[in-house]
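As structure tokens, the structure follows; a few thoughts come after it.
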Amino acid sequence: MDFHHQQYWQQRAQALKIENRLFINGRYLPATEGGTFAVDDPAGQRELTQVARATGVDVDLAVRAAREAFERGDWSQASPAQRKSTLATLATLMEQHAETLALLETLDTGKPIRHSLRDDIPGAIRCIRWYAEAIDKVYGEIAPTGNDSLALIAREPVGVVGAIVPWNFPLQLACWKLGPALATGNSVVLKPSEKSPLSAIYLAQLATQAGLPDGVLNVVPGYGHDAGKALALHHDVDALTFTGSTQVAKQLLIYAGESNMKRVWLEAGGKSANIIFADCPDIDKAAQNAAAGIFYNQGQVCIAGTRLLVEESIQQPFLQALRRHAAAFTPGDPLDPTSAMGTLIDSDHRQKVANAIERGLQQGATLFLDGRTHPLGDHDGYLGPTILTAVDNRMDLAREEIFGPVLAVTTFNGEQQAIQLANDSDYGLGAALWTRDLSRAHRLSRQLKAGSVFVNNYNDGDMTVPFGGYKQSGNGRDKSLHALEKFTELKTTWISLD
Ligand code: NAD
């Protein structure tokens with residue numbers, strides 16, 4: 001039996017020994033105050049383990065270890081080629097442990113094992129390897145000064161980086177921070193979400209095994225208001241890199257202002273519009289992408305295409321195609337490799353998503369596909385694809401991030417209305433448009449206020465391109481060489497020449 005079978009994963013899950021301690025200065029440790037918190041499997045509705053609960057004391061220990069490592073210099077001063085070699089080894093070790101990492105991710109979050117295996121873990125590995133490969137190819141600059149001087153512009157690591165990440169893609173998003181932060185020579189204190197800390201805890205020992213010096217990577221699982229807040233308020237953290245909700249992102253800016261003005265880089269929420277023009281090149285393909293764009297990962301994707309703007313004349317055929325493609329996302333046991341949809345992160349979150357659907361109906365939207373009535377859909381964390389039509393852009397359905405498999409459909413007539421609706425949002429993470437008209441594609445891509453614009457696809461891209469948002473979707477960018485800017489300070493050395 002191999003990884004194509006549900007039983008294979010069930011057996012592996014039963015035999016799995018889960019590491020559940022903090023990782024500080026190269027060692028696993030219990031929390032100083034002895035606290036723990038339960039980490040559950042949302043599909044099996046069982047407790048997986050009790051994880052050590054970091055508090056301010058542990059965060060302080062971790063920041064101290066990170067600072068000492070940074071000052072010691074065996075990582076921060078190592079040559080880019082040396083850092084490349086260690087991070088490449090880490091990527092190789094992650095490959096060797098890919099099944100365990102995928103299993104931890106699926107048990108912890110309820111996402112389908114086939115997606116953890118195909119997307120999350122390979123994505124995390126590719127990220128670490130990409131930054132490893134990149135770092136010895138990045139040059140400084142010489143400024144165009146006069147002949148009497150020489151001005152060198154170099155990038156130096158910021159020092160101690162605090163990384164706070166959410167639960168929807170736990171390892172992958174952690175690696176979007178770790179890759180560029182470590183490659184540039186920083187030390188990191190990583191706080192995973194209290195809902196999904198297991199893969200980050202596991203990764204820590206692989207990093208040590210790969211040769212990362214003690215204290216360079218520390219992992220402090222704990223609650224946001226406790227360990228997260230302590231990290232964000234810490235006076236010896238030089239930069240904070242965050243992925244999560246806009247609400248917490250705003251709070252982090254306040255913490256930075258109240259403490260040491262640490263640099264704060266935010267990847268926050270979204271309410272992205274997917275615009276389907278009547279001259280869409282292929283309705284079936286667009287509908288398939290629209291379904292995947294909102295139902296993948298149970299809709300818990302920051303850049304999910306949650307608002308479908310469809311030109312009125314093609315609404316009916318488009319909705320019919322969409323219904324067919326939504327059927328591919330029938331919820332099932334996450335450990336069954338044939339499942340394309342698992343459970344939401346927990347039953348509380350499912351309730352919030354169900355409440356958002358109910359509120360939408362009360363505000364006048366029409367139910368076109370109801371995921372709440374799926375056989376698995378009325379208990380635990382399961383909720384199937386849901387589509388609401390006749391959504392007005394002023395309704396909560398169109399304005400608030402739901403973070404579940406709920407698509408809000410609004411019709412429009414003509415380009416101007418499409419742009420106006422798409423940009424009428426507090427968020428600006430992604431936007432997509434489907435058209436045969438090349439000029440229209442370029443025109444709109446300039447006018448859409450979003451960090452990524454997709455033309456005739458939804459959410460394509462890879463490590464080579466930046467990811468992040470306009471407006472309240474955040475600042476700074478993850479991925480690509482641009483991410484290095486967040487983890488480095490610019491240093492000018494001006495030399496007068498005789
Ligand atoms: P969240 O904001 O509740 O939590 C994110 C992290 O912040 C967690 O580790 C949490 O413990 C921590 N946290 C919470 N309160 C804190 C505080 N007061 N101080 C310090 N840390 C604190 O978000 P979530 O529910 O885990 O994730 C879902 C959100 O993440 C959605 O809004 C989604 O759009 C966003 N997200 C954004 C991106 C992006 O790249 N823009 C990617 C994925 C997810």
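Ligands are counted one by one from 1 in listed order, and the atoms in each one are counted from 1 as well.
- Ligand 1 has a nitrogen or oxygen under 3.5 angstrom from a nitrogen or oxygen of Tyr255.
- Side-chain atoms of Asn218 and Leu61, non-hydrogen and from C-beta on, never get closer than 4.5 Å to each other.
- Residue contacts with ligand 1: Phe169 is excluded, as none of its non-hydrogen atoms falls under 4.0 Å.
- Between His225 and ligand 1, not a single N/O pair is under 3.5 Å apart.
- For Phe403 and Trp167, the ring centers sit closer than 6.0 Å to each other.
- Geometrically, ligand 1 and Glu401 share a nitrogen or oxygen pair separated by less than 3.5 Å.
- Counting only heavy atoms of the protein, atom 19 (N) of ligand 1 lies nearest to Gly224 O, 3.3 Å.
- Taking only non-hydrogen atoms, the option from Pro166, Gly244, Ser473, Gly474 nearest to atom 29 (C) of ligand 1 is Gly244.
- At least one heavy atom of Leu252 sits closer than 4.0 Å to an atom of ligand 1.
- Proximity of Ala249 to ligand 1, defined as any heavy-atom pair under 4.0 Å, is not found for any part of the residue.
- Of all protein heavy atoms, the one lying nearest to atom 9 (O) of ligand 1 is Val165 O, 2.8 Å.
- Nearest non-hydrogen protein atom to atom 2 (O) of ligand 1 is Ser245 OG, 2.6 Å.
- The aromatic ring centroids of His325 and Phe295 lie 6.0 Å or more from each other.
- Using a 4.0 Å cutoff on heavy atoms, Ala268 counts as a contact of ligand 1.
- In this structure, Trp176 has its ring center under 6.0 Å from that of Phe467.
- Remark: ligand 1 and Lys191 share an N or O pair separated by less than 3.5 Å (distance only, no angle test).
- Here's the thing with Trp176: none of its N/O atoms is less than 3.5 angstrom from an N/O atom of ligand 1.
- Distance remark: protein heavy atom not present below 4.0 angstrom from atom 4 (O) of ligand 1.
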